[in-house]
Amino acid sequence: MSKTSQQNTATDANGVSVIHTQAHSSGLQQVPQLVPVSPGGGGKAVPPSKQGKKNSFLDRNSDEYRQRRERNNMAVKKSRLKSKQKAQDTLQRVNQLKEENERLEAKIKLLTKELSVLKDLFLEHAHNLADNVQPVGTETTTTNPENKGQ
């Protein structure tokens, strides 16, 4: 099976060569390849969203440049303040949680002591009951010494 292919090269508006290849015998078409036209070959592909924009540098003394810088400076200040506020809020929340944790740990200690005391009281009471109660089959009968001789 011999494959014959045909290549067409064209340059688009951005100065990029597009190679179209068609394979005759296989009936398949290959995807077009982008090849840079510049002799160095190391150019970056420009995304479509930035193709229409000009890379013109604004004069540092122009009003538009000053306005952009002011807007950027305000945005940076706002972002930094927001970040600082978020850090302060987080620190405040951490301190609240630490205090709550300390309170809860103290409550745990108190309740543990209370449980221990109540447990000891219960065991002591249960032990006293066990000493006072005699088993059913071993009861001793008390006889009246006066009736002994009759």
Side-chain angles (χ1 to χ4, degrees), residues 3 5 11-23 26-150:
K3 294 182 183 177
S5 63
T11 304
D12 68 0
N14 295 325
V16 175
S17 294
V18 179
I19 300 174
H20 297 281
T21 306
Q22 292 181 332
S26 66
L28 300 175
Q29 289 186 346
Q30 293 180 352
V31 178
Q33 298 174 352
L34 296 177
V35 179
V37 175
S38 65
K44 289 186 176 180
V46 179
S49 62
K50 293 192 176 185
Q51 285 178 355
K53 295 182 181 179
K54 292 182 179 178
N55 269 346
S56 64
F57 293 99
L58 296 176
D59 182 21
R60 289 183 177 240
N61 297 328
S62 71
D63 288 339
E64 185 181 354
Y65 176 80
R66 280 279 105 222
Q67 288 174 351
R68 284 186 181 187
R69 292 304 315 141
E70 289 219 9
R71 280 199 311 263
N72 181 260
N73 289 343
M74 288 180 1
V76 167
K77 282 181 186 178
K78 184 178 177 182
S79 174
R80 288 178 182 160
L81 282 174
K82 187 176 179 182
S83 157
K84 194 174 186 179
Q85 183 64 43
K86 187 175 181 181
Q88 287 176 349
D89 292 346
T90 303
L91 185 61
Q92 184 179 2
R93 180 73 174 138
V94 165
N95 289 333
Q96 287 175 348
L97 291 173
K98 281 182 180 178
E99 289 175 7
E100 183 181 2
N101 192 33
E102 289 172 4
R103 283 194 307 272
L104 291 173
E105 285 177 356
K107 189 173 183 178
I108 288 171
K109 284 183 182 179
L110 179 68
L111 291 173
T112 303
K113 285 180 183 178
E114 186 178 345
L115 176 65
S116 178
V117 168
L118 292 173
K119 193 176 187 182
D120 290 343
L121 284 172
F122 174 76
L123 291 175
E124 185 180 327
H125 181 67
H127 184 67
N128 286 339
L129 283 178
D131 287 346
N132 291 336
V133 175
Q134 295 177 354
V136 174
T138 60
E139 281 188 41
T140 57
T141 55
T142 56
T143 56
N144 195 348
E146 297 171 1
N147 293 338
K148 211 176 198 182
Q150 294 178 5

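Everything numeric here is computed off the predicted structure, so don't read it as measured data.
Residues Arg60 and Arg66 share a closest heavy-atom pair of O-NE, 4.3 Å.
The 12-atom threshold is exceeded at CD of Gln96, counting heavy atoms of other residues, nucleotides or ligands nearer than 6.0 Å.
Separation of atoms OG1 (Thr90) and CG (Asn95) is listed at 11.0 Å; rounding is to 0.5 Å. Glu124 CD to Leu121 CG: the interatomic distance, rounded to the nearest 0.5 Å, is 6.5 Å. Atom CD1 of Ile108 sits about 12.5 Å away from atom CG of Leu115, to the nearest 0.5 Å.
For Val76, the side-chain contact (heavy atoms from CB on, under 4.5 Å) partners two or more places apart in sequence, or in a different chain, are Asn72, Arg80. Arg68 meets the side-chain hydrogen bond (donor to acceptor under 3.5 Å, both in side chains) test with Glu64; sequence neighbours excluded. Shown here are the side-chain hydrogen bond (donor to acceptor under 3.5 Å, both in side chains) partners of Asn73, two or more places apart in sequence or in another chain: Arg69. Scored by the side-chain hydrogen bond (donor to acceptor under 3.5 Å, both in side chains) test, Gln85 finds Asp89 as partners (sequence neighbours excluded). For Gln88, the side-chain hydrogen bond (donor to acceptor under 3.5 Å, both in side chains) test picks out no residue, with sequence neighbours left out.
Listed by first and then second residue, the salt bridge (charged side-chain N to carboxylate O under 4.0 Å, His left out) pairs involving residues 94-123 amount to none (not counting sequence neighbours).
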